[in-house]
Amino acid sequence: MSHSRIGRRLALLLVSLIAGLAQAQTLRWSSQGDMQTTDPHSQNEVMTNSLNNQVYEALTRRMKDLSMGPSLATEWTQATPLIWRFKLRPGVKFHDGTPFTADDVVFSMQRLRDPNSPHRVYANAVGIPKAVDPLTVIFTLDKPNPILPEMLGNLYIMSRRWSEQNRVTRPLDFKNREESYASQNANGTGPFMLVSRQPGVKTVFKRNPNWWGKFEGNLQEFVFMPISNDATRTAALISGEIDFVIDPPPRDLARLRTLPQLKVLDGEENRLVYVGMDQSRDKLLYANVPGDKNPFKDVRVRRALYHAIDIEAIKSKLMSGYSVPTGGLTSSPRGGYNDPKVETRLPYNLTQARKLLAEAGYPDGFEVTMDCPNNRYINDERICIALASMWAQIKVKVKVNALPRTLFFPKAEKFDTSLYLAGWGGGSTDAEVMLTPVLRNRGEQGVGVSNYGGSVNNEGDALAAASTIETDPKKREGLVKAALQSFREQVNIIPLHRQVIPWAMRREVSIPHSPNNFASMDWVTISK
């Protein structure tokens with residue numbers, strides 16, 4: 001080969017290397033709050049799940065259109081109504097090089113069923129797994145599950161070997177502030193690897209060069225940096241210090257849309273924001289009530305609070321239009337089969353609210369503390385303050401106890417609350433993801449695990465339980481609607497709205513917007 005041809009090849013190789021380096025991009029991502037833990041089984045909260053989702057994978061994966069597709073499983077079949085067979089993807093390795101096998105699936109499902117895991121309600125619903133061979137798992141159920149592949153998409157697979165080596169075979173007890181090796185270390189099979197974690201400051205991830213999948217984007221690393229102050233977060237985006245904000249303040253959006261270096265993507269999130277009330281105790285923990293009773297046990301009081309909420313004022317004045325008021329009890333209208341009957345709100349009516357309170361024996365109201373996150377939902381603390389002002393008009397005096405998510409959720413999970421603001425949603429639009437963990441009576445195997453108010457509605461619970469195992473679509477629709485109607489009539493929770501989620505980013509950043517509010521980093525491209 002001539003020297004000139006060698007020279008040309010070296011030059012082409014150099015150009016190729018430079019081009020590769022030019023595409024080696026870093027995304028700086030910010031939000032008002034941090035992820036809570038890198039243990040993927042110990043918390044069920046969207047930012048925590050979203051970041052763990054970059055490192056850990058499930059058997060199935062939600063695609064861009066929110067349909068379920070293959071991930072660590074390549075295919076699955078339902079052999080009988082109670083038996084599902086999953087074929088696993090060959091050649092997959094965890095980030096430490098350990099091969100992924102069926103044994104890791106069995107171990108992970110056992111870990112997910114632990115009492116410390118809020119995911120146990122789903123892990124129990126998918127049955128008992130058994131490894132048939134290194135790449136085949138059979139799930140045996142005790143009752144049918146019409147959305148089993150969808151539930152598996154929320155259950156991340158951990159390495160049995162790594163977990164045993166690092167003594168993290170159980171999920172950490174987050175609500176009691178337990179720490180473990182899995183609190184700040186991770187070892188998944190996913191497209192990105194955890195490099196370092198400084199809680200509240202920054203968490204760094206780098207591309208997994210041995211990932212089995214195909215990257216659609218060009219990110220080599222991303223850095224997550226929570227910024228709690230809205231003004232500071234917006235200023236950092238405008239100045240170029242950060243590239244992507246998943247929760248820009250609604251009041252800043254009009255300005256952000258005018259800046260040539262930025263763009264804003266809008267979309268309704270699959271998430272219901274609602275008010276919960278302690279309906280289990282005879283006396284509230286944090287209240288001053290005549291006769292030391294629990295007023296929330298009376299449906300008339302719950303209806304009174306509902307009637308006293310001016311939801312349109314919250315939408316226009318507080319949310320700047322970035323909310324969809326609803327009376328529905330599912331994360332998406334599709335959960336109620338888009339039936340307007342299960343979406344209608346009780347009307348804003350102060351006269352009716354005062355009448356109901358008087359009938360219940362509280363003409364002069366009562367005092368109660370409301371627990372509220374201040375860095376989880378859009379304007380969460382401000383919503384609670386607005387509700388307190390509205391309820392004051394019917395003589396219910398509310399003290400707002402605003403907490404960061406790392407304190408709010410452990411408090412709620414211990415049922416240490418009298419009145420609270422919460423939200424629920426994610427990728428699935430099915431009613432099941434709201435019915436069983438949030439609305440049903442607290443029970444075994446994680447049923448009612450997020451029913452923080454301890455509400456009891458035996459009729460709704462029975463209907464919801466029946467819908468969970470009904471495989472006939474038409475019969476299931478009837479059961480779901482009947483269950484939702486029962487919970488609506490009893491006002492076991494007070495729905496407010498579904499969030500509209502705008503994502504703000506630098507002009508050169510391309511991120512597919514998703515109703516589950518997950519930003520999948522393997523789909524991200526930076527063109528600079």
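Since this is a predicted model, take the numbers as computed values, not measurements.
- Geometrically, R442 engages F415 in a cation-pi contact defined by less than 6.0 Å to the ring centre and at most 45° from the axis.
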(message) Could you walk me through whether L350 and M390 satisfy the side-chain contact (heavy atoms from CB on, under 4.5 Å) test, starting with their C-alpha distance in whole Å, then the side-chain angles of each, then the deciding distance to 0.1 Å, before giving a yes or no?
(response) CA-CA 9 Å; L350 290 177; M390 293 173 184; over 6 Å; no
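- For K64, the NZ atom sits in a packed shell: over 12 heavy atoms of surrounding residues, nucleotides or ligands are nearer than 6.0 Å.
- Side-chain N/O atoms of N441 and N458 include a donor and acceptor closer than 3.5 Å.
- For the pair R233/D252, no side-chain contact is recorded, criterion being any heavy-atom separation below 4.5 Å from C-beta on.
- Between the CG atom of D364 and the NZ atom of K395 there is a distance of 4.5 Å, given to the nearest 0.5 Å.
- Summarising the local packing, NZ of K397 is surrounded by 12 or fewer heavy atoms from other residues, nucleotides or ligands at distances under 6.0 Å.
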(request) With side-chain contact (heavy atoms from CB on, under 4.5 Å) as the test, would you mind laying out the steps for I501 and H513 before giving the verdict? (result) CA-CA 9 Å; I501 297 295; H513 193 284; 4.1 Å; yes
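- When atom types are taken as modelled, the side chain of N176 and the backbone of E178 share no donor-acceptor pair closer than 3.5 angstrom.
- Rounded to the nearest 0.5 Å, atoms CD1 (I383) and OG (S323) are 7.5 Å apart.
- Between atom CG of residue D371 and atom CG of residue L407 there is a gap of 11.0 Å, rounded to the nearest 0.5 Å.
- A heavy-atom distance below 4.5 Å is not found between the side chains of D39 and V168.
- Taking a cutoff of 4.0 Å between a charged side-chain nitrogen and a carboxylate oxygen, E312 and R345 do not qualify as a salt bridge.
- Looking at D310 and K317, no side-chain N of the basic residue comes within less than 4.0 Å of a carboxylate O on the acidic one, giving no salt bridge.
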(request) With side-chain contact (heavy atoms from CB on, under 4.5 Å) as the test, would you mind laying out the steps for K293 and Y362 before giving the verdict? (result) CA-CA 11 Å; K293 297 179 180 179; Y362 304 99; 3.7 Å; yes
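- At distances below 3.5 Å, at least one donor-acceptor pair connects side-chain atoms of R302 with backbone N or O atoms of V491.
- There is no side-chain donor-acceptor pair under 3.5 Å between E150 and T60.
- Side-chain atoms of N379 never come within 3.5 Å of backbone atoms of R382 as a donor-acceptor pair (strictly under, hydrogens ignored).
- For the pair L253 and P248, the tightest heavy-atom approach, listed with the atom from each and the gap, is CD2-CG, 3.7 Å.
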(message) Determine whether N516 and S514 satisfy the following criterion, side chain to side chain donor-acceptor pair (under 3.5 Å), listing intermediate values before the conclusion.
(response) CA-CA 5 Å; N516 66 358; S514 177; 2.5 Å; yes
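- In this structure, S42 contributes its side chain and P171 its backbone to no donor-acceptor pair below 3.5 Å.
- Remark: S71 OG to Y56 OH distance equals 14.5 Å, nearest 0.5 Å.
- Within the 3.5 Å criterion, the main-chain N or O of T344 finds a donor-acceptor partner in the side chain of R488.
- Between D230 and R251 there is a salt bridge, since at least one side-chain N of the basic residue sits less than 4.0 Å from a carboxylate O of the acidic one.
- For the atom pair CG (L72) and CG (L152), the distance works out to 11.0 Å, reported to the nearest 0.5 Å.
- Ion pairing of D339 with K341 is absent here, as no side-chain N (NZ or NE/NH1/NH2) approaches a carboxylate O to less than 4.0 Å.
- Between Y156 and H41, the shortest heavy-atom distance links the atoms O-NE2, 2.7 Å.
- Judged by distance alone, the side chains of S486 and N457 do bring a donor and an acceptor atom under 3.5 Å apart.
- The local environment of CG in D282 is sparse, with at most 12 non-hydrogen atoms from other residues, nucleotides or ligands closer than 6.0 Å.
- Looking only at distances, a side-chain donor or acceptor of S180 sits under 3.5 Å from a matching main-chain atom of A182.
- No side-chain heavy atom of M370 sits under 4.5 Å from any side-chain heavy atom of K399.
- Within the 4.5 Å cutoff, the side chain of N294 has no heavy atoms near those of the V289 side chain.
- A salt bridge between K175 and D416 is absent, with no side-chain N of the basic residue lying under 4.0 Å from a carboxylate O of the acidic one.
- Residue E470 comes nearest to R476 through the heavy atom pair O-CD, 3.3 Å, listed as atom of the first residue, atom of the second, then distance.
- Contact check for L387 versus L496: side-chain heavy atoms found under the 4.5 Å cut-off.
- With hydrogens and angles ignored, the 3.5 Å screen pairs a side-chain donor or acceptor of N145 with a backbone N or O of A125.
- Judged by distance alone, the side chain of H497 and the main-chain N or O of T326 form no donor-acceptor pair under 3.5 Å.
- If you check the side chains of D65 and S67, you find a donor sitting under 3.5 Å from an acceptor.
- Between V449 and P118, the shortest heavy-atom distance links the atoms CG1-O, 4.0 Å.
- In this structure, W391 and V368 have side chains that are not in contact, with every pair of non-hydrogen atoms separated by 4.5 Å or more.
- Looking at D278 and S418, their side chains never bring a donor and an acceptor atom within 3.5 Å of each other.
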(request) Check the pair R197, T203 against side chain to side chain donor-acceptor pair (under 3.5 Å), reporting the backbone distance first and the verdict last. (result) CA-CA 4 Å; R197 172 147 172 80; T203 306; 2.8 Å; yes
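- Using a distance-only test at 3.5 Å, with no hydrogens or angles considered, a donor-acceptor pair links the side chain of S467 to the main chain of A464.
- M319 is not listed as a side-chain neighbour of V500, based on a closest heavy-atom distance of 4.5 Å or more.
- The shortest heavy-atom contact between V264 and A504 is CG2-CB, 4.2 Å.
- Taking the six-membered ring for Trp and thresholds of 30 and 60 degrees, Y420 and Y274 have ring planes more than 60 degrees apart, a perpendicular arrangement.
- Put simply, the side chain of R303 gets close to the backbone of E489: a donor and an acceptor are under 3.5 Å apart.
- Looking at heavy atoms from C-beta onward, M35 lies out of side-chain contact with S50 at the 4.5 angstrom threshold.
- With R405 as the partner, the side chain to side chain donor-acceptor pair (under 3.5 Å) test is satisfied by one option alone out of E45, Q36, Q32, Q43: E45.
- Summarising the geometry of A519 relative to I511, their closest heavy-atom pair is CB-CG2, 4.3 Å, with the distance given to 0.1 Å.
- Distance check, rounded to the nearest 0.5 Å: CG of L356 to OH of Y306 gives 13.5 Å.
- Side-chain contact, N49 with N44: a donor N or O sits under 3.5 Å from an acceptor N or O.
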(request) Applying side-chain contact (heavy atoms from CB on, under 4.5 Å), run through T234 and V245 and close with a yes or a no. (result) CA-CA 8 Å; T234 296; V245 173; over 6 Å; no
